[in-house]
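Have a look at the structure below, then the notes.
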Amino acid sequence: MKTFNKSFNKSFTQQEAIDEAGIAAAVKVMQSGRLHRYNREADELSETDLLEKEFAHSLGVDYALACASGGYALAVALRAVGVEKGDKVLCNAFTLSPVPGAIHSTGGTAVLVEMDDSLCIDLDDLERQAQQSNAGYLLLSHMRGHIVDMERVMAIAKAHQLTVIEDCAHTMGATWDSQPSGTFGDVACFSTQTYKHINSGEGGLLTTPHAEIMAKAIIYSGSYMFFQEHKAAPPLSAFEGLYELIPNCSGRMDNLRAAILRPQLATMNQRREDWNARYHTIEAQLQQNPHIHLPSRCDKEQFVGSSIQFRLPEFSREQLLQVVEQCQQHGVMLKWFGEEKPKGYTSQYTDWAYLGIERELSQTTHLLSTLLDIRIPLTFSLSDCKLIGEIISNIVREIHDG
Ligand SMILES: *Cc1c(COP(=O)(O)O)cnc(C)c1O
């Protein structure tokens, strides 16, 4: 017997409109006709130059590079730190498919690491895998915005001499112990794809404090001989001798996207507050149901709640399927990471057969089998979020009680 009849009717994939400032800046770029980042007048800084400067400043790093996508930024980062064919790259088993895809594109071999019940990389398994694989690199995904103990991860990296690349697709605007996510490792990559924290349709940003890595990344991104014109870049001397050695793997950002992004970046702190108010509203509803397990989060983590995850550890697959279906009937779109077949954006490490992973990551498989996820677009109001939380909590209760 169903007792709960409220429904939700907004789209979980509807982001906010581009703000007026972004639209005006984009129109200006179109009117100029100078959409290519290197197509500028002598005394002009292009929108892409300005975005890079402002993004670097926002993180307190010297160097930033804007490029075509987050996944592209990851591939360039891996190449720029020296990953070559056959090199082993440690990486979260719980991540999104562009991450193993980027490793594969460099010829590197992914060594997957288990997740733990806080949805972060399992640091004990990381230590074990680092030891056993002798890998030189760690591509660390802050998947769904969950930030692992960065002190410990960097200590492990130091002990095993790992170069660390942070995948910050879900942590733009987040900090750990007051330090911006993306400033712990050697390189960080961000995405500006529509469902991330700033929206230009597609786009990526790469940051690093290392001059040589940035010089290489800029050349890889397709700078031709304009690398000396970058404004968030190392001095010319850093590029010396590199130009002939680094291929142009064309993947630049254009001025139109940069123009759309700059006003959004400028309001990141407000956006974080807006997301977190929504996150905590849903969380407060879910917390009232003892069958719903929310992952623990460290006090040092100041996250951006653009999505929320929870587990139903006591539920069978059949019950989980019922939860997903009934929530859908009430207008709430849950993603279930335990789905047999990949669906939408959701996939599991077992779906990436091309990686040739032989090890069974049973802990990750077990956790994913009861893990659910919802997006929280800023087009949802706080009362929308309360309703979403109520719907989920009630359906979970009804299905549990049979
Ligand atoms: C979206 C995403 C990426 C890649 O971003 P794109 O800009 O879509 O290529 C990388 N890692 C994670 C975890 C993501 O969610």
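The structure displayed is predicted, hence computed values, not measured ones.
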Any residue meeting side-chain contact (heavy atoms from CB on, under 4.5 Å) with Q319, in chain and number order, not counting sequence neighbours: F315, S316, I399
Backbone N/O of F380 and side chain of R278: donor-acceptor pair under 3.5 Å: yes
D125 side-chain N/O to E114 backbone N/O, donor-acceptor pair under 3.5 Å: yes
D274 and R271 ion-paired at < 4.0 Å: no
T48 side, atom OG1; L35 side, atom CG - distance, nearest 0.5 Å: 9.0 Å
Distance (rounded to the nearest 0.5 Å) between L139 CG and L90 CG: 9.5 Å
Non-hydrogen side-chain atoms of P234 and D62 separated by less than 4.5 Å: no
Pairwise distance CG(D122) to CG(L367) - rounded to 0.5 angstrom: 9.0 Å
Spatial distance of atom OG1 (T163) from atom CD1 (I165) [nearest 0.5 Å]: 7.0 Å
Whether N255 side chain and H36 backbone form a donor-acceptor pair below 3.5 Å: yes
Residue pair I292 / L312, side-chain heavy-atom distance below 4.5 Å: yes
Any donor-acceptor N/O pair, D167 side chain to M143 backbone, under 3.5 Å: no
Salt-bridge present (E283, R297; N to O < 4.0 Å): no
Derivation of the salt bridge (Lys or Arg N to Asp or Glu O under 4.0 Å) call for E47 and K28: CA-CA 10 Å; E47 289 285 341; K28 222 173 135 197; over 6 Å; no
Q287 CD: over 12 foreign heavy atoms closer than 6.0 Å: yes
Geometric class of the W275/H197 ring pair [parallel <30°, tilted 30-60°, perpendicular >60°]: tilted
Pairwise side-chain contact, M150 with V148, heavy-atom cut-off 4.5 Å (strictly under): yes
Main-chain N/O of T175 paired to Q302 side chain as donor or acceptor, under 3.5 Å: no
Between CG on residue L368 and CD on residue Q363, distance to nearest 0.5 Å: 10.5 Å
Min side-chain heavy-atom separation L112-C91 under 4.5 Å: yes
Sequence neighbours excluded - ring-ring contact (aromatic ring centres under 6.0 Å, His included) pairs with any residue from residues 210-251: Y38-F226, Y38-H230, F227-F239, F227-Y243
Minimum heavy-atom distance L286-S393, with the two atoms named: CD2-N, 4.4 Å
Heavy-atom side-chain proximity of L123 to I121 below 4.5 angstrom: yes
Any side-chain heavy-atom pair of E52 and M253 under 4.5 Å: no
Any donor-acceptor pair under 3.5 Å from Q285 side chain to I388 backbone: no
Check: N92 main-chain N/O paired with T95 side-chain donor or acceptor under 3.5 Å: no
Heavy-atom closest contact (E301 atom, H146 atom, distance): OE2-CA, 3.4 Å
Lys/Arg-Asp/Glu bridge criterion (N-O < 4.0 Å) met for R152, D124: yes
Side-chain donor/acceptor of D254 to backbone N/O of L256, under 3.5 Å: yes
Under 3.5 Å: donor-acceptor pair, side chain of Q193, backbone of S69: no
Closest heavy-atom pair and its distance - L206, A73: CD1-O, 3.5 Å
Between CD on residue E390 and CD1 on residue I282, distance to nearest 0.5 Å: 11.5 Å
Closest heavy-atom pair and its distance - G338, R317: O-NH2, 2.7 Å
